Amino acid sequence: MSYDFNTIEAKWQAYWAEKETFKAENNSQKPKYYVLDMFPYPSGAGLHVGHPLGYIASDIYARYKRHKGFNVLHPQGYDSFGLPAEQYAIQTGQHPAITTKDNIARYRQQLDKIGFSFDWSREVRTSGPEYYKWTQWIFIELFNSWYDIDTNKARAIKELETIFSAKGNTTVNAVSDDETIVFTSQEWNSFTDKEKQAILLQYRLTYLAETEVNWCPELGTVLANDEIVNGVSERGGYPVIRKKMTQWSMRISAYAERLLQGLETIDWTDSLKESQRNWIGKSVGASVTFNVKEYDEVIEVFTTRPDTIFGVTFMTLAPEHELVAKITTPEQKNKVNAYIEATAKRSERERMADVKTISGVFTGAYAEHPFTKEPVPIWIGDYVLAGYGTGAVMAVPCGDQRDYDFAKHFDIPIHNIFEGVDISEEAFSDKEKTVIANSDFLNGLTYKKAVKTAIYELEKLGQGQGKTNYRLRDAVFSRQRYWGEPFPVYYVDGMPQMIDVEHLPIKLPEVEKYLPTETGEPPLGRADFWAWDVEKNEVVSNSKIDDKSVFPLELNTMPGWAGSSWYLFRYMDAGNQNEFASAEALGYWQNVDLYIGGNEHATGHLLYSRFWTKFLNDRGYLPVEEPFKKLINQGMILGTSAIIYRISGSNTYVSKSLKETYDIEELRVDVSLINASDELNIDGLKKWQPQFADADFKLEDGKYIVGREVEKMSKRWYNVVNPDGICEQYGADSLRLYEMFLGPLEQSKPWNTAGITGVHGFLKKLWKLYHNGDVFAVTETAPTKDALKTLHKTIKKVQEDIENFSFNTSVSTFMIAVNELTAQKCTSKEILEPLVILISPYAPHIAEELWSKLGHVDSIATSDFPVFDASHLVESTKAYPISFNGKMRFTMELSLDLSKDEIESAVMAYEKTQQQLAGRSPKKVIVVPGKIVNIVG
RNA sequence: GCUGAAGUGGUGGAAUUGGUAGACACGUUGGACUUAAAAUCCAAUGUCCAUUAGGACGUACGGGUUCAAGUCCCGUCUUCAGUACCA
């Protein structure tokens, strides 16, 4: 009986499903371990070979941890709200729920074939009402919270109302939109209900605000930055303008410092932490206010260099700055307006791309320098961004290159305030070497001292203070889409109201089309039943909105990251109808011990879910501050596209080496038409697409050789390889081993099936090791010394590899072990039984089969990992001379702990053969813990 | 520009704290078994010279530290990823 992987794999997959082998219990005497994959979006294209890479790695780790005696939670689900299903719905009219359901079924089928140890009883789907009920609940909790800076955590909004009615807002230190509003308790209590609501909205952690968006009138929707190419929409090529819209926002900025500090407590890669640090963008400096001459206005700026305050020779405002209209003089009005109009037409992306062109206009107004009281001209320029800091800068041309370039371009004076520095060619921005000059009380001071002194003096004037600024902006939470979570929100008199938890979920309404309405409202504006009856507490027909108890519901839906920000907690208690997860389940599982996924989520999903976790922790719903303790980014598996060369204007194609002699254009063809030596299957190509049916080919050596290009796997490049074919031809175990064998987990690499015969051959050899012809041939004979050595070498290496996530090298270790044992003709059960456990995380199906043949009734998944015993690994020694404190020493390396006698005999043996090194006999042998032995000669 | 990662045979990639570079696999070549093919097994395979027994050179490039450097330090080049007028 040969290795019949198809039968074996089907058998054990059915067994696992039936016995629920991988179901995790929420209480156990064992220690817990939570291994999570980033859940997939179920796209119509199905899984390709890149998807399972991370899943295989996490599956190996999960299975290993089970062998090591842990109670492992390893769930899977679907991030099933998203754009592709909606776009498909717009084109075909098919409801996204149906598309999504079909795609999920296909994903599940493909996943099952690979033999993952997921606990499917905990599956979640973000688009399921029983799931998004709790996404809506979290939204309401955010709405009902404010951020208290003094206790540094979120608190219930009710507590804030209590404070307001008792003491007004002067004693509250809270994060809010407008810190200048001040009221007493008497004033608060005399406000109307609507006024109170409007004020509270400025403190809530999710709030309505006017936000600038990329609006495409033709498509009637808001576009994300990456959906715009050269100022027009990627789809359709329609113009895009910047427009202000009222949208929900998340006050993530309140958590900026904690999101930054929290990075110190988690085990993520440095590059990922660095990305998040950059994104949060903390900078320490000062806020300075300049009075505007002849107007009763002040301009507030943020600067990291208050020490250069005497170098200010002008100010620049962003064209969008609100003061621009107020302070521009009549003479400059036309120029300024023309400039503002010109910049408004450019998208933010264009402005960023076009860094080199210097542009700006003088407003005609002057500010007053806080210390010298000299006039400072106020300019506008698009190098200042409205969205960062205060949208205004104090320009110090001698110390900042952008200010310098601007000043040179417009002939604005440049004052040198640095001692002994030449600024005739460029600005000087080296803080460390800074010594201030020409600056009154700052003269002679170095950077750090000058900053302190400048802030102190500004505070005395009441025109500035030390300030920390963050780049992180509040996150827009509204999408003008259909296929997303509806908000549990209705509007009374323009003010948002939350629906009570007991009436959730608010389910997505039916619409006949998935496009925005003709009047530019989101798709939910097409729903007939989309109004809230506060007496019946149910969704009713829009026609009843005239009734006094019926109000319109929110038309936007939530963004993709809403559902994915908390799903890890839902897995802990997926079926719970009464809570998002029970306190017991949350207390037991805590957070994710190991999270594996792609690094495209570095600043999106991974930041938002940290934010929500901290928030839920503040409000007492979670016992943890961070969602993911350890995170590994798997690399992308790239496709190898195949290229054929068509002679321009003809239907003739030339082989790769002939392409230079013709004027050609490149076409990509399906990679399944290419064999291992880059040869094209011409008959296959002719059948593939009608345009090739009567094509001519110019061959080399009787073959058509294609060009290859490594790029992202994508349908449009015809380079997608599905795992299904591999599973059929070589089996899931081969696929699993091969994906690991391809290279380091974290590295991107092109998919190439050529090497799969290597790992497949290994599995065949493994099978043969346990069989003599057709007979299972494991015996009770005592193992040889060599066999024991091979086994324990393998245990040690595999265990180290798994702990270090170097799965690729353990595949090699297995191959060496099997080759050695085959050569040794080992049939001993004492060796072969533990060996199969070592291999089982990688190739679980064949391991289960051999395990049951070894006489076990239970799944191998519950067996214990073999214990490493170093005593089987006595090996030869190496020695190197070292010089230490003028004395000659030898360092001797042994492969493991040896007894004193063994060391001494090894030293003697070594001495005999290496007399040139061991001219003197060792006087003392020092055993250093581990494996280095120092011999002092 | 900045940040991060990396550069090793024909290819994917190994190499503990510095300690015999190229494990393992693919590919290639030769051989065995077959009528033949497939499958399987065996051998060789960094480069160059000896063509035996051995020697020299080799981890992007140039220096340095060290008894010893793929690994550490300085400089240069290249590639990939992320990010960008952040005041």
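This is a predicted model, so every value here is computed, not measured. Just the heavy atoms: all of them, side chains too, but no hydrogens, waters or symmetry mates, feed the values below.
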Short side-chain N/O contact to B:G13 OP1/OP2 from A:Gln747, under 4.0 Å: yes

Sugar-phosphate only, base, or nothing, as touched by A:Ser812 at under 4.0 Å among non-hydrogen atoms: base

Nearest-angstrom distance from the residue atom CE of A:Met815 to C1' of B:A23: 12 Å

Over 12 non-hydrogen atoms of neighbours within 6.0 angstrom of CD in A:Glu803: yes

Base-pairing mate for B:U35 - Watson-Crick or G-U, with both contacts under 3.5 Å: none

In B:G12, glycosidic geometry as syn within 90° of 0 or anti otherwise: anti

Identified pairing partner of B:U71, criterion: Watson-Crick or G-U wobble below 3.5 Å: none

Nearest-angstrom distance from the residue atom CE of A:Met636 to P of B:A5: 19 Å

Centroid-centroid under 6.0 Å between A:Tyr595 and A:Trp268 rings: no

Side-chain N or O of A:Tyr383 closer than 4.0 Å to phosphate OP1/OP2 of B:A87: no

Span that lies between the P atom of B:C80 and that of B:U71, in whole angstrom: 24 Å

Gap in Å between the two P atoms, one belonging to B:A6 and one to B:A25, rounded: 27 Å

Value in whole Å for how far the P atom of B:G12 lies from CD1 of A:Ile637: 15 Å

Closest to side chain of A:Lys768, choosing from B:C26, B:G4, B:U40: B:U40

Nearest listed nucleotide, side chain of A:Phe741, among B:U40, B:C86, B:A25: B:A25

Atom P, compared across B:A60 and B:A14: separation rounded to whole Å: 15 Å

Whichever of A:Arg402 and A:Val811 has its nearest RNA chain B nucleotide further upstream toward 5': A:Val811

Counterpart base for B:U78, defined by Watson-Crick or G-U wobble contacts under 3.5 Å: B:A6

Length of the line joining A:Asn278:CG and B:C85:C1', which is rounded to integer Å: 16 Å

Pair A:Lys797 + A:Glu800, salt bridge at N-O below 4.0 Å: no

Distance below 4.0 Å between A:Asn808 side-chain N/O and B:A14 OP1 or OP2: yes

Value in whole Å for how far the C1' atom of B:C24 lies from NE2 of A:His760: 18 Å

is_close_aromatic(A:Tyr470, A:Trp279), centroid dist under 6.0 Å: no

Identified salt bridge (Lys or Arg N to Asp or Glu O under 4.0 Å) partner of A:Glu820 from the options A:Lys793, A:Lys825, A:Lys789: A:Lys793

B:A15: pairing nucleotide in any strand, Watson-Crick or G-U under 3.5 angstrom: none

Pairwise P distance, B:U17 and B:U66 [rounded to whole Å]: 23 Å

Spacing of A:Asn804 atom CG relative to B:A15 atom C1', expressed in whole Å: 14 Å

Ring pair (Phe, Tyr, Trp, His ring centres under 6.0 Å), paired with A:Phe362, selected from A:Phe314, A:Phe410, A:Trp379, A:Tyr339: A:Trp379

Parallel, tilted or perpendicular: rings of A:Phe807 and A:Phe805 (30°, 60°): perpendicular

Touch class at under 4.0 angstrom, heavy-atom based, for A:Pro744 against every strand present: sugar-phosphate

P atoms of B:A44 and B:C26, separation to the nearest Å: 15 Å

Whole-angstrom distance between B:C42 and B:C33, as gauged at atom C1': 11 Å

5' priority, RNA chain B, between A:Lys765 and A:Thr757 [closest heavy atom]: A:Thr757

Distance, P atom - from B:G55 to B:A5, rounded to whole angstrom: 41 Å

For atom CD1 of A:Ile280 and atom P of B:U3, their distance in whole Å: 19 Å

Sugar-phosphate, base or nothing in reach of A:Phe762, heavy atoms under 4.0 Å: nothing

Any A:Lys764 side-chain nitrogen or oxygen under 4.0 Å from OP1 or OP2 of B:U40: yes

Distance between P atoms of B:G70 and B:G63 (Å, rounded): 15 Å

Touch class at under 4.0 angstrom, heavy-atom based, for A:Gln401 against every strand present: nothing

Spacing between A:Ile299 atom CD1 and B:A87 atom C1', to the nearest angstrom: 15 Å

Ring-ring centroid check A:Phe5 A:Tyr3, cutoff 6.0 Å: yes

Base-pairing assignment for B:U52 (Watson-Crick or G-U wobble, both under 3.5 Å): none

Touch class at under 4.0 angstrom, heavy-atom based, for A:Asn819 against every strand present: sugar-phosphate

G-U wobble or Watson-Crick pairing nucleotide for B:A43 (cut-off 3.5 Å, both distances): B:U29

